[in-house]
Amino acid sequence: MQTSLKAIFDNYASKKSIFKNKKAITISYNPDELPHREKEINTIASILAPSIRGEKPSNIFIYGKPGTGKTAVVSYVTKNLVEISKDKKIKIVYINCKMRKVADTEYRLLAQLTREFGEDVPATGLPTDHIYNMFFNAIDKTEQTIIIILDEIDVLVDKIGDGFLYNLTRVNEDLKNSQVCVIGISNNLSFTNEIDPRVKSSLSEEEMIFSPYNATQLQDILRRRMSIVFNENVIDEGVIEKCAALAAQEHGDARRALDLLRVAAEIAERNGSEKVKEEHVDKAESKIDKDRILEAVKTQPRQSQAVLWSILKVKEEEVYTGDIYNIYEKVCLENGIKPLTQRRVSDLISELDLLGIINAKVISKGRYGRTRIVKLNLQEQLVNKIREILVSQYYFQ
DNA sequence: AGTCCACAGGAAGGGCAGGCGA
DNA sequence: TCGCCTGCCCTTCCTGTGGACT
């Protein structure tokens, strides 16, 4: 082993770890308590309670911004519900509609749901009405109250329309032995305006809005989690406050607050510090943003990357759409890419703006037309990283 | 007040790939 | 297996726009 490597490992092994239970600060961790969501927990529990007596609970539609505890609260309540009613025959089915290859199409979603009841469904090939029958029969055979949780339901409706929800919310009319309750969860507050009013009224028998956490509540959440995740006295004063304040600035996102704390602790540990300090939170914030941007750059299609490469080639601080297009045409020529039209490039520029990679603003230059002014608001170091990615992925020159 | 520039951005439709379903 | 359908990416055509210039 190289001596430098040995030094790194030895150093790591000899240091006291900051983390006591690192798993408890990851996305997949289900906490035993959900502070500041008592009201929501009680409401959902009382809506679902009839299922213990074998009655059908009302469908629930929940919406709120990301990181407001929607999924955590629902899984907390349903987990407890199943535990309490061990022999009462309640089955929970959770589907995250954002998962690819699970809820991309009506067929896949139905196949996934049917498999939850032990049925063997081919990945493709069956007519949709056939699989609907399989699904209904499978449910009815169980003689249970089925609670189907559709997380990120807005993504599902975007992809496959609301026909599926219409059928699902009416399934009870055809069932003899079982009953189905649907819990829809959405980040998009205007989602219900986009669906059929009949679906809307049956899905939203009960409607709930999860409001964002404020900075004080976020601090409390972090403090309670802190004792599970970290060893004693490793979090410096002001760290929790800073993480909470930064996350509250966004939209009261608890996930963001926990991420900040986790990344800050990882940075502290990597730097050999025995304590997590405020400066680590600053570094964590810029690392999270940096990672997000680099990830976005990596996953862009080639044409979009060519547009970005053209923007990076500009020496001036600001450029206009027309200039970018001229450079882009040259870049295409040099790299053997078929150039897109200006109309399309204009859309790609707005997409890059939406991703936060560039900053584009529509301005008017009076006699000299209306255009977009484009700036790169990134640190030199990050720009260099982006260049490296573009060169290594597509050999741009 | 009217003109004009350089686009923004909406609408419609073509082409293609991949998935569906009989 | 193969025709059909759908979604995505893209082009073409078009109207709209803010403000400098005349």
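Convention: sequence-line order gives letters A, B, ...; per-chain numbering from 1.
Atom OH of A:Y325 is separated from atom P of B:dC7 by 12 Å (rounded to the nearest Å). For the pair A:I363 CD1 and B:dC5 P, the interatomic distance rounds to 18 Å; values are reported in whole Å. Between the P atom of C:dC9 and the CD1 atom of A:I337 lies a distance of 17 Å, rounded to the nearest Å. Rounded to an integer number of Å, the gap from OH of A:Y328 to C1' of C:dC10 is 11 Å. One atom, CZ of A:R370, and another, C1' of C:dT15, lie 12 Å apart when rounded to the nearest Å. Taking atom CD of A:Q342 as the reference point, atom P of B:dA6 lies 11 Å away to the nearest angstrom. Rounding to whole angstrom units, CG of residue A:D347 and P of C:dC8 are separated by 15 Å. Taking atom CZ of A:R302 as the reference point, atom P of C:dC8 lies 23 Å away to the nearest angstrom.
A donor and an acceptor atom never sit less than 3.5 Å apart when one is taken from the side chain of A:R344 and the other from the base of C:dT11.
Using modelled atom types and a 3.5 Å distance limit, the side chains of A:K275 and A:N233 yield no donor-acceptor pair.
Listed for the A:S51 side chain is a donor-acceptor partner under 3.5 Å among the backbone atoms of A:L48. Using modelled atom types, one side-chain atom of A:N214 and one backbone atom of A:T216 make a donor-acceptor pair closer than 3.5 Å.
Side-chain atoms of A:R343 lie closest to B:dA11 of the nucleotides B:dA8, B:dA11, C:dC10. For A:Q303, the side-chain atoms get nearest to C:dC10 when compared with the rest of B:dC7, C:dC10, C:dT11. Out of C:dA20, C:dC13, B:dA8, the shortest distance to the side chain of A:R367 is found at C:dA20. With B:dG9, C:dC10, C:dC21 as the candidates, the nucleotide lying closest to the side chain of A:V362 is B:dG9.
A cation-pi contact, defined as under 6.0 Å to the ring centre and within 45° of the axis, links A:R37 to A:Y213.
Residue A:R372 has a polar side-chain atom (N or O) positioned under 4.0 Å from OP1 or OP2 of B:dG9. Residue A:T341 places at least one side-chain N or O closer than 4.0 Å to OP1 or OP2 of C:dT11. Checking the phosphate oxygens (OP1, OP2) of B:dC5, no side-chain nitrogen or oxygen of A:S364 falls inside 4.0 Å.
Checked against a 6.0 Å centroid threshold, the rings of A:Y63 and A:F210 do not count as neighbours.
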